Amino acid sequence: FCERFSYYGMRAVLVLYFKYFLQWDDNLSTAIYHTFVALCYLMPILGALIADSWLGKFKTIISLSIVYTIGQSVMSVSSISDLTDHNRDGIPDNISVHIALSMIALILIALGTGGIKPCVSAFGGDQFEEDQEKQRTRFFSIFYLSINAGSLISTIITPILRAQTCGIHTKQRCYPLAFGVPAALMAVSLVVFVIGSGMYKKVQPQGNIMIRVFKCIGFAIKNRFRHRSKEFPKREHWLDWASEKYDKRLIVQTKMVLKVLFLYIPLPMFWALFDQQGSRWTLQATTMDGNFGSVQIQPDQMQTVNPILIIVMVPVVDAVIYPLIKKCKINFTPLRKITVGMFLASLAFVAAALVQVQIDKTLPVFPAAGQSQIKVINLGTDTAIVQFEPQLRNVTVTSMESTDYMTFETSELQSVSITSGNKTKNEITELPGQNRHTFVIKTTAAEIVTKWVSLFINNLPDDINITMEDVSFGIVTSLSASNYASFSGGRKDKITATRNSATCSFTSKAFGFGSAYTIIINEVSCQLYSEDIPPNTVHMAWQIPQYFILTCAEVVFSVTGLEFSYSQAPSNMKAVLQAGWLLTVAVGNIIVLIVAGASKLSEQWAEYVLFAALLLAVCIIFAVMAYFYTYTDPTEVEAQLDEEEKEQVKKDQDIYEKQAEAVSRM
């Protein structure tokens, strides 16, 4: 429970940490996220080799859990902005330090969580004797319940922790706490596991069956290459070329494993889509409205829909859907179930694309390279006429009003001319491209005052100190502004503006998800809002259909896939197929990197459609492969091998007795 809480809790907020703390764009955040997940699913092979060939399961779990805990702790430290924020402005001065620490932490976490993955369940199984089948089954039920409980609860709690504000000098999103709690729970899991050391049955390493399988395959290929001349007779199967060195049982078992592994080839495409719940779908949720009445849902909390639906759907599918299909006399074989799962996952991404199309209609259009967007706010008592030179556009702005953002080619915009009352002012502009700017105008008795500003604007003659709940914006001088600050959506906060000894306090309006505002501290009304970016209007509930379809896909794909693999695997080769299954997850995440990097699609909905189309194509290929697959019963095959071995032993014994009798006659 603690280890899964630690892993899924950290992973739930990871992509938002990349985007908002490390300031990476969506594509880089997605790429690093999937690289990390791929690494987590490649490491089980290393963990299994270490456990079976060297340290044993117990020592492997202890060693790699220490590495795991260190990684989680380093991750928490890497997210402390005060670590390099020497000028105390809330922004790390040396982001490279935080990136380096984060990458070291993620490598250690991947090594830890991946390395212990094949050992923990197997070590639990080792504690039971052969006649304790009932107890072993109960243990695994509790084991998998703990895994699901840990992942579900952590996906709810860590986004809440992330949404809090904390910090020594400046208040920021509390990533140190969101990563720190999983680190603490991983430390707890390690301590509890060590305390129970004296009660465990520790099986010594017996050698790894995967190594023997690889050696058998390698020898068969090498031997076949040596005897490639036509003078050597062909053998029934290319693996039969290993018969000079390896016994028939290992060769037959390896053939059975390779037959299943061949079917695994198309499966990574499913995981390429499935694991985007934590990356692209979470980023999609950041552009949606999370206001569920009295509850404000964070974007990374939408991932909880999957484990909640899993708990509901697994018994429903097993107890209702499959029996109904059986009553309809449809032969719903495991491979057909997997095919349906792939089709449903493709459908889920079509649903995600449809939602994205609606989101794109509501998103603000930001300036492209070589463009600038300008918004004008008139803080004076007179109407102002603003002319963007050379004669690009002119706008009239009444007192205490603002315009929408206007887009200009940066190279063309040379100056801004303002006329207000009987006064005129001309200002040369040199704006950086690909940015938004707010242009503030105020007419005084002597002149027209202009400023380029953002967020809180002080429209008072004196300096003021502004705080919003526990976040301080510092001293803001007259007709100057603070920088933007980030707050969780949907909340209302108390804003206090202190001027000399006088204090003006008011409760802010509920800031919508994804919105940005400039708040003007005014003499008369204390505050005036200017909306820079409108709030998200597409509700997060529209993601539920795509999560529902993908969860249905997972139920018929993942559960059936493991069941099918185990049913087709020899008794001593189940670990090999488990490693192969985990490898498909790793390859799937690598596919995300390749497709997202090579496609160069500017529209997110188009990328969703691309992934859906790719999986649909792979689904068709898998259906053809499944059609030609013949099911085998490993128990029957092994029983036949046992019978052949007994006959061979009997023959050898008869030969030995005859030879012994012949010698005695001599």
Side-chain angles (χ1 to χ4, degrees), residues 11 14-16 18-19 22 24-42 103 106 110 114 261-287 299 302-303 306 338-357 359-360 543 546-547 549-551 553-554 557-558 561 580-625:
R11 193 174 121 169
L14 190 60
V15 77
L16 297 188
F18 291 156
K19 181 174 181 176
L22 298 183
W24 290 346
D25 63 25
D26 287 3
N27 290 333
L28 182 57
S29 299
T30 300
I32 300 299
Y33 174 87
H34 286 285
T35 303
F36 166 68
V37 175
L39 204 56
C40 288
Y41 283 93
L42 284 171
M103 294 305 102
L106 291 176
L261 288 178
F262 177 71
L263 273 181
Y264 279 5
I265 293 171
L267 302 190
M269 200 65 223
F270 173 88
W271 299 113
L273 276 70
F274 182 82
D275 278 337
Q276 288 188 57
Q277 291 177 90
S279 57
R280 290 298 197 199
W281 284 15
T282 300
L283 292 170
Q284 185 186 61
T286 63
T287 61
M302 281 304 291
Q303 297 172 61
N306 176 252
I338 293 171
T339 307
V340 169
M342 295 170 86
F343 175 75
L344 288 174
S346 177
L347 205 60
F349 264 63
V350 172
L354 293 173
V355 171
Q356 189 64 47
V357 168
I359 291 171
D360 289 346
Q543 277 198 321
Q546 67 202 52
Y547 272 103
I549 298 169
L550 193 64
T551 303
E554 182 187 5
F557 178 93
S558 186
W581 183 262
L582 294 173
L583 192 62
T584 64
V585 182
V587 175
N589 281 271
I590 293 168
I591 288 171
V592 179
L593 303 180
I594 296 167
V595 175
S599 66
K600 302 296 181 186
L601 294 171
S602 58
E603 300 293 341
Q604 186 56 54
W605 67 265
E607 187 180 288
Y608 288 145
V609 171
L610 173 63
F611 274 107
L614 287 172
L615 182 56
L616 187 61
V618 169
C619 177
I620 293 167
I621 293 168
F622 181 80
V624 173
M625 292 169 67

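Residues take their numbers from the sequence shown, with the count starting at 1. Side chains are part of it too, since the values below use all heavy atoms of this structure and drop only hydrogens, waters and symmetry mates. Predicted model, so just to flag it, every value in this text is computed and none were measured.
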Any non-hydrogen side-chain atom of [X] less than 4.5 Å from a side-chain atom of [Y]?
| X | Y | answer |
| --- | --- | --- |
| Q356 | I359 | yes |
| L42 | L583 | yes |
| L283 | Q604 | no |
| L28 | F18 | no |
| N589 | V585 | yes |
| F274 | E554 | yes |
| L593 | T35 | yes |
| F343 | L616 | yes |

Please identify each residue that fulfils salt bridge (charged side-chain N to carboxylate O under 4.0 Å, His left out) with E607, with sequence neighbours left out.
->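 Applying salt bridge (charged side-chain N to carboxylate O under 4.0 Å, His left out) to E607 gives R280.
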Please report the shortest heavy-atom distance between [X] and [Y], naming the atom on each side.
| X | Y | result |
| --- | --- | --- |
| A345 | L273 | O-CD2, 3.7 Å |
| H34 | S279 | NE2-OG, 2.7 Å |
| S558 | W271 | OG-CH2, 3.8 Å |
| A553 | L344 | CB-CB, 3.7 Å |
| V592 | A272 | CG2-O, 3.1 Å |
| G278 | V15 | O-CG1, 3.3 Å |

Side chains of Q284 and Q546: is there a donor and an acceptor less than 3.5 Å apart?
->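 Judged by distance alone, the side chains do pair up.
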Nearest 0.5 Å please: distance from the CG atom of L582 over to the OG1 atom of T584.
->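 Output value for this atom pair is 7.5 Å.
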Less than 6.0 Å separating the ring centroids of Y608 and W605?
->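 No.
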Give every donor-acceptor pair under 3.5 Å between a side-chain atom in residues 261-270 and any protein atom, sequence neighbours left out.
from	atom 1	to	atom 2	distance (Å)
Y264	OH	S565	OG	2.3

Residues forming a side chain to side chain donor-acceptor pair (under 3.5 Å) with Y33, sequence neighbours excluded |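 Residues passing side chain to side chain donor-acceptor pair (under 3.5 Å) with Y33: R11.
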Under 3.5 Å, side chain of T282 to main-chain N/O of Q277, donor-acceptor pair present?
->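 The answer is yes, because a donor-acceptor pair under 3.5 Å joins these two groups.
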